[in-house]
Every structure is written in C-alpha cells, then in structure tokens.
Amino acid sequence: MTDAAALPGQPRGGVLSGPATARAVNVLAPNASAMTLDGTNSWILAEPGSDLAVVVDPGPLDDTHLRRVVDTAEQAGKRVALTLLTHGHPDHAEGAARFAELTRTNVRALDPALRLGDEGLAAGDVIAVGGLELRVVPTPGHTADSLSFHLPADRAVLTGDTVLGRGTTVVAHPDGRLGDYLDSLRRLRSLTADDGVHTVLPGHGPVLEDAQGVVEYYLAHRAHRLAQVETAVEDGHRTPGEVVAHVYADVDRSLWPAAELSVRAQLEYLREHGLIQRPE
C-alpha cells in the first residue's frame, strides 16, 4: 500500500465525512462513480461559536442527502444562511434549488442561471456570514463558471473540481479551456505561496494537506500530457479518439470519454499556440 504522504497533496486518510478543519465539515453525497470518486463533498462552513453556516455545493438532487446536510448543521447548533456553488455540474448543483427550499436561503453562483436571489459571485468578492470570511477566487478551466473559495482563517481553499482529492480533473471541452485551467492552477499556486494556504478542501476525494505540492503536481501533469498529445499528433494520430487510444492506453476505458474532452481541450490549446496545425 502506498503511503498517503507520498501521494500528490498528501491526502488525508480515514472517513471522508465529518470535520476537516476548524471551520469546515464535509457531508459526503451517495453518488460515488468513476467520475465523482467517493461522491460529491458538500461542505458546511461556520465560524466557531457562530450559529450561522454556509453550505458549498449541496450536491445532487437527492432529498435524503440534502436533508442530511441540513441535519448535520442543525445538530451542531448552526442554521444554514447561504448556499454557494463552485460550478454548475449536476453532481454539485442539481440539488441547489431544493436545498434552498429546505433552508430558505439564496443560492449564489457565477452563472446567473444557477442563482436564486439577486446576488451572484465575482472575482474578489468577500463573503461574510456569522463572522466567517470567504474570498471568491475565479478558477475557470474545468468549466467556464468554476470558482474556488479561499478560507483564510483555516489556511484552506475549497476547489470544487479544479483540484481533486485523488487523481486529476477533466477540462470539459468546449466549455472548459486548457489555457484558462493552467492560469487557474497558477492562481491557486499563488495562494499557497503568498497567502499561506496549505489545505485543499476538494469537491471529490479526501482533504489534501499539501496544497502547493498538489498544484505543482497538476501543473507538471498537464505539461506532460500536452507533450504526449503533441507527439501523438506528430506521429499521425489526428482525431481526438486516436489520440486518446494512444496517450491514455493505460487508463481504464470507461474513462476514455472524459479523457477525450481533455484531449479536445489540449488539441485546441496546441492549435491556438501554433504548436500543431488546424485540420484542413
């Protein structure tokens, strides 16, 4: 068995649901799959001693799970006062409207179509609820509307699907763009270097104790994959399917459709930078 400390980001072992930092508690949704890992992490955030909480990513439309999130907060003496979304994929956001009904809260998101209430989210916004402070960090790339939330008091960042607790994420072409994603990883790296962030609270998988290490790993992984895709094209593998079969031959075939999305994003990136030619 591999020591967790030797893995990228130093994933924390043990049960995923439960307290993660002084201000963050995870409630794991029952939607495990190859794409969602153990399931979606629904984060309850609250300042110690406060009776107000913020929930990030209520998860899929599963009434039992949504009620469990509410119950977990209430059992800790908290009332959910606000719901936030990292992005609009259904495993994170499909249950948001129902959760808003259960909690009588607004839903804030970057995408206006996902909002319930007048307020959205934008770069540089500071969210303050019951003494809790969250800073909105734009991290597009996985999707165009992807956001992360910096939790300064815990030296932590909630990354949605931008950084996962295990493995690497998909750049969901055409909505997701690789250039944006690389910029987002660099932005997260700056948080680790300039703001002391050391803990990643991901949208899927375990908490990571080495934020800088995992971001550096993600950047190196993307550079390696880009080089592999560029070489594959030079060797005559022209279509995304052909590139996936060549570059991702060691990956479970059930993940190839997702890999093809990332390959399409990588091909577009290489064309934009003049590293390969556009098809005639």
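In this text the structure is predicted, and so the values were computed from the model without any measurement. Computation of the quantities below employed the complete heavy-atom set of this structure, encompassing side-chain atoms and omitting hydrogens, waters and symmetry-equivalent molecules.
Between E260 and R264 there is a salt bridge, with a side-chain nitrogen of the basic residue lying less than 4.0 Å from a carboxylate oxygen of the acidic one. Ion pairing of D183 with R186 is present here, as a side-chain N (NZ or NE/NH1/NH2) and a carboxylate O approach within less than 4.0 Å.
Among residues at least two apart or in separate chains, salt bridge (Lys or Arg N to Asp or Glu O under 4.0 Å) pairs with a member in residues 216-232 are R189-E216. Counting only residues at least two apart or in different chains, salt bridge (Lys or Arg N to Asp or Glu O under 4.0 Å) contacts with residues 155-164 are absent. Legend: side chain to side chain donor-acceptor pair (under 3.5 Å) pairs involving residues 45-55, not counting sequence neighbours, sorted by first then second residue: R23-E47.
With no hydrogens or angles considered, a side-chain donor-acceptor pair links H204 and D91 at under 3.5 Å. At a cut-off of 3.5 Å, with distance as the only test, no side-chain donor of S184 or T162 sits close to an acceptor on the other residue.
Test I276, V244, V243 against V229 for side chain to side chain contact (heavy atoms under 4.5 Å, CB included) and you get one pass: V243. Results of the side chain to side chain contact (heavy atoms under 4.5 Å, CB included) test with L134 over I127, L82, L121, D125 single out I127 as the only residue that passes.
R79 is linked by a salt bridge (charged side-chain N to carboxylate O under 4.0 Å, His left out) to nothing, counting only residues two or more places apart in sequence or in another chain. For H87, the ring-ring contact (aromatic ring centres under 6.0 Å, His included) criterion is met by H89, H92, H142, not counting sequence neighbours. For R135, the side chain to side chain donor-acceptor pair (under 3.5 Å) partners are E133, not counting sequence neighbours.
Taking OG of S146 as the reference point, atom CG of D111 lies at 11.0 Å (rounded to 0.5 Å). Here CG of L255 is found 10.5 Å from OH of Y248. Values are rounded to the nearest 0.5 Å. Note that OG1 of T199 is 7.5 Å distant from CG of D154, once rounded to the nearest 0.5 Å. T169 OG1 to H221 NE2: the interatomic distance, rounded to the nearest 0.5 Å, is 10.0 Å.
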